[in-house]
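One structure is given here, and the rest of the page talks about it.
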2 protein chains.
Amino acid sequence: MPYRSDSGQSARGNNLDTVRKHNLSVVLGLVHRRGPASRSRLTEATGLNRSTIAALVGELVELGLVVESEPSASNRVGRPSPVVAPDASVVALAVNPEIDAVTVGVVGLDGTVHHRVREATDRVPTAAEAVAIVATVLDGLRADLASYSRVVGIGVAVPGLVREEDGMVRLAPHLAWVDEPFASELADATGFPVLVANDASLGANAERLFGAGTHASDLVYLNGGASGVGAGVIARGAPLTGIAGYAGELGHTLVNSAGVRCHCGAIGCLDTEVNQGALMRALGLESADIDEIDRALAASESPKVAAEVERQLGFLSVALRNAVNVFNPQLIVLGGFLGSLFEAAPARLEQLVTESVLTAAGESLRIVRAELGSSLLMVAAAELAFASLLADPATIAEG
Amino acid sequence: MPYRSDSGQSARGNNLDTVRKHNLSVVLGLVHRRGPASRSRLTEATGLNRSTIAALVGELVELGLVVESEPSASNRVGRPSPVVAPDASVVALAVNPEIDAVTVGVVGLDGTVHHRVREATDRVPTAAEAVAIVATVLDGLRADLASYSRVVGIGVAVPGLVREEDGMVRLAPHLAWVDEPFASELADATGFPVLVANDASLGANAERLFGAGTHASDLVYLNGGASGVGAGVIARGAPLTGIAGYAGELGHTLVNSAGVRCHCGAIGCLDTEVNQGALMRALGLESADIDEIDRALAASESPKVAAEVERQLGFLSVALRNAVNVFNPQLIVLGGFLGSLFEAAPARLEQLVTESVLTAAGESLRIVRAELGSSLLMVAAAELAFASLLADPATIAEG
DNA sequence: TGATTTTGTTGTGTTGGCAAACATATAAGG
DNA sequence: CCTTATATGTTTGCCAACACAACAAAATCA
């Protein structure tokens with residue numbers, strides 16, 4: 001299938017450096033994403049010669065990015081192959097500003113969340129306040145951070161539209177942030193390089209790498225939270241960003257021509273029709289804990305709840321119909337309260353979607369609930385900070 | 001911006017062969033897509049050393065894929081650089097079955113359409129009939145085809161859903177084809193390798209490579225024809241295919257909850273609300289010639305026509321709002337009668353779209369009319385057939 | 001006409017990965 | 001327990017691809 005892979009290529013030529021860079025990136029990426037692996041497994045996965053793998057792993061060890069350990073007992077014939085694992089003491093900082101808190105995490109290259117600090121705020125934090133909170137938290141972690149071999153930078157997951165180029169938060173409606181140069185301000189305040197992106201886009205990527213979407217090259221992720229519906233799309237194995245980084249806003253596609261006006265200015269957005277507030281009111285719940293929503297949904301026999309679930313599933317299915325016809329994904333991943341809605345009536349949602357999508361596009365489709373729980377956004381944001389290291393291990397780790 | 005490019009990478013390692021393959025592909029791709037170029041320009045564009053370019057071009061000449069010609073008078077200081085051009089005698093065959101004809105073309109690697117044969121049919125052709133027509137036409141061209149140095153294969157643009165893997169036409173509603181194994185049957189009948197894809201997806205790619213979308217990495221293409229609205233999306237410089245090749249069906253996204261049922265089974269699709277028939281009825285036209293529609297629209301002062309244009313633009317703008325919020329493209333390209341509609345009131349459509357999309361996503365957006373005219377689908381389908389050659393010139397041209 | 005500039009050409013050097021031969025560590029079999 | 005088979009790490013030499021530098025050629029410019 002040449003048509004799908006070509007054309008996207010750049011006009012730049014390759015040379016030997018490119019090969020080395022690529023191969024280092026592939027090896028580091030494999031152990032980072034799929035976990036520790038023996039050298040023989042890496043040989044198999046990459047198709048490279050085992051002497052080449054030895055050299056690549058050796059270089060990554062010298063760079064302090066991976067560690068080699070004694071082979072585990074494999075009960076297999078032949079000389080045991082040493083296990084290569086990402087160095088957990090290479091870490092990224094993850095930041096997630098929300099309407100009632102700012103969360104800061106320390107995440108290892110091996111995926112473990114070493115620390116997580118959730119600083120609750122008594123009101124919605126401004127961008128400046130969020131920067132200050134992060135700076136303070138990092139100050140408190142100073143001793144801890146010094147114990148790691150390397151801190152690659154800060155990745156930030158923001159519930160809003162973020163300009164990819166410079167990390168400018170163009171609009172985060174629920175935080176009431178407009179055109180906040182968050183990346184540069186946080187970089188100035190902390191001294192770390194900072195990358196910022198939309199929380200749901202990062203979430204989609206994290207679910208693909210470590211969660212429900214492992215091995216899926218084309219998936220659509222929808223997350224329902226207190227601040228609306230966020231979405232992210234993975235196409236051809238890579239996050240869909242669009243020209244400036246604003247792509248994937250499925251929450252602002254039409255699901256109801258007779259709907260109300262959304263804060264975005266349009267009519268009948270998914271975001272206005274499907275929302276946590278209405279569901280919680282029907283359930284009579286106060287807190288927004290997902291487990292609690294799950295329990296309440298499972299326990300409820302109220303027809304009012306059933307009607308509300310049916311209503312929201314109906315509109316959700318319209319958005320999914322559009323997404324399926326447009327993206328032909330193999331997987332739809334539902335997170336947050338959308339996961340609860342789905343789990344309340346999985347067959348119903350599947351039926352609604354199957355009925356309305358183009359038959360062919362619906363064939364290879366599965367709908368699943370998100371797997372990554374509360375650590376999702378920490379891992380997701382860290383991945384953003386790790387990206388350049390993973391893409392070019394030698395240069396970044398040296399520089 | 002590492003986040004956008006990484007992650008999509010395969011787990012395979014690179015070696016020297018990969019480098020050579022890539023570089024040959026890049027050079028051939030450059031002259032194919034951007035036209036003849038001097039060796040010095042290739043050096044600049046690829047970043048490779050000029051001795052390397054010399055070797056690469058030499059190999060491509062030996063493979064019979066490009067020709068080197070005398071430098072053109074450039075009026076610049078320094079030794080003139082020979083011009084490298086794709087070999088026009090390397091050709092692909094292009095096929096496009098429609099409701100009232102089957103068109104077959106011969107397209108050179110340099111983009112020239114050497115031949116075009118439109119075989120009109122008195123009724124909608126079946127798949128078997130279309131295969132027979134193509135076989136007959138090619139038989140008639142046998143002498144001509146023998147004069148080319150190489151015929152790489154057949155690319156087919158079908159107005160319907162095509163399974164990428166094997167070229168099975170899953171559903172072409174207006175042709176009334178269902179699950180027709182068109183690629184394999186045409187391959188059996190002609191002896192050529194055959195690749196099949198959706199016409200609008202191929203059109204999107206062609207407009208990006210040779211038409212209105214040159215240099216655009218993220219664009220949405222919508223084409224309106226007698227058989228409905230087709231669409232294709234280019235994301236990150238490559239066609240969006242989805243997991244099986246069905247992606248990009250913007251014609252089947254919701255634009256009107258109160259709309260009628262579409263042949264696809266869903267309600268209120270763009271395809272049902274915006275269509276050529278209604279426009280032609282309002283204009284009192286019979287033929288479906290685009291130039292005629294343009295003229296009639298420009299000349300009309302009828303309020304009924306104005307109302308119909310406004311109605312269709314309204315629904316079109318809803319589809320575009322969804323597309324812009326989801327893809328954040330830098331360009332929307334409108335072809336067929338959608339181009340006519342746009343040209344009838346460009347400011348109006350731009351206003352409708354700007355009002356309803358997320359502000360940030362609308363900033364870097366331009367809406368333009370398609371540039372490629374009647375040769376579009378020939379070039380587009382040929383591109384499909386050329387794809388594997390362009391991706392791996394040495395192997396394909398030798399084998 | 002000679003200086004300058006640009007680029008093709010040629011020979012040499014560097015580098016990355018491959019292949020083969022060898023070494024080593026495990027399991028299986030008697 | 002020793003031998004054999006198997007898988008994989010290790011080492012060495014080789015090859016392919018590109019970069020670089022020196023030189024040659026072909027144009028403009030003064």
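We use all heavy atoms of the structure for the numbers below, so side chains are in, but hydrogens, waters and symmetry mates are not.
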Item to check | Within residues 37-45 of chain A: residues closer than 4.0 Å to DNA chain D (heavy atoms) | outcome: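 Those residues are Arg39(A), Ser40(A).
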[Y] and [X], any side-chain heavy atoms less than 4.5 Å apart:
X: Ser201(A); Y: Thr241(A); answer: no
X: Leu28(B); Y: Leu109(B); answer: yes
X: Leu145(A); Y: Val106(A); answer: yes
X: Ser184(A); Y: Asp166(A); answer: no

Item to check | Length of the CD1-P vector between Ile53(A) and dA7(D), whole Å | outcome: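 Interatomic distance, CD1 of Ile53(A) to P of dA7(D): 18 Å.
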Next on the checklist: Among residues at least two apart in sequence or on other chains, which ones pass salt bridge (charged side-chain N to carboxylate O under 4.0 Å, His left out) with Arg39(A)?
Outcome noted: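 Partners of Arg39(A) under the salt bridge (charged side-chain N to carboxylate O under 4.0 Å, His left out) test: Glu68(A).
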Next on the checklist: Before you tell me yes or no, could you show the steps for Leu48(A) and Leu56(A) under side chain to side chain contact (heavy atoms under 4.5 Å, CB included), namely the whole-Å CA-CA distance, both residues' side-chain angles and the distance that decides it to 0.1 Å?
Outcome noted: CA-CA 10 Å; Leu48(A) 296 170; Leu56(A) 291 169; 3.7 Å; yes
Checklist entry - By side-chain hydrogen bond (donor to acceptor under 3.5 Å, both in side chains), which residues pair with Ser89(A), not counting sequence neighbours? => result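 Scan of Ser89(A) (side-chain hydrogen bond (donor to acceptor under 3.5 Å, both in side chains), adjacent residues dropped) gives Asp87(A), Ser149(A).
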Checklist entry - How would you list, by chain and number, every residue that makes a side-chain hydrogen bond (donor to acceptor under 3.5 Å, both in side chains) with Thr18(B), sequence neighbours excluded? => result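 Thr18(B) satisfies side-chain hydrogen bond (donor to acceptor under 3.5 Å, both in side chains) with Asn15(B) once adjacent residues are dropped.
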Heteroatom pairs (N/O) under 3.5 angstrom, protein to nucleotides 16-21 of chain D:
| from | atom 1 | to | atom 2 | distance (Å) |
| --- | --- | --- | --- | --- |
| dC18(D) | OP1 | Asn23(B) | ND2 | 2.5 |
| dC18(D) | OP2 | Arg20(B) | NH1 | 2.5 |
| dA19(D) | OP2 | Asn49(B) | N | 2.8 |
| dA19(D) | OP2 | Thr52(B) | OG1 | 2.7 |
| dC20(D) | N4 | Ser51(B) | OG | 3.0 |

Checklist entry - Would you call the rings of Tyr148(B) and His114(B) parallel, tilted or perpendicular if under 30° counts as parallel and over 60° as perpendicular? => result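 Taking His114(B) first and then Tyr148(B), their aromatic rings sit tilted (interplane angle of 30° to 60°).
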Checklist entry - Is a side-chain donor-acceptor pair under 3.5 Å present for His215(A) with Gln330(A)? => result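 Per modelled atom types, Gln330(A) and His215(A) side chains form no pair under 3.5 Å.
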Each nucleotide N or O in nucleotides 26-30 of chain C that has a protein N or O under 3.5 Å away: list the pair and distance.
| from | atom 1 | to | atom 2 | distance (Å) |
| --- | --- | --- | --- | --- |
| dT26(C) | O2 | Gly78(A) | N | 3.1 |

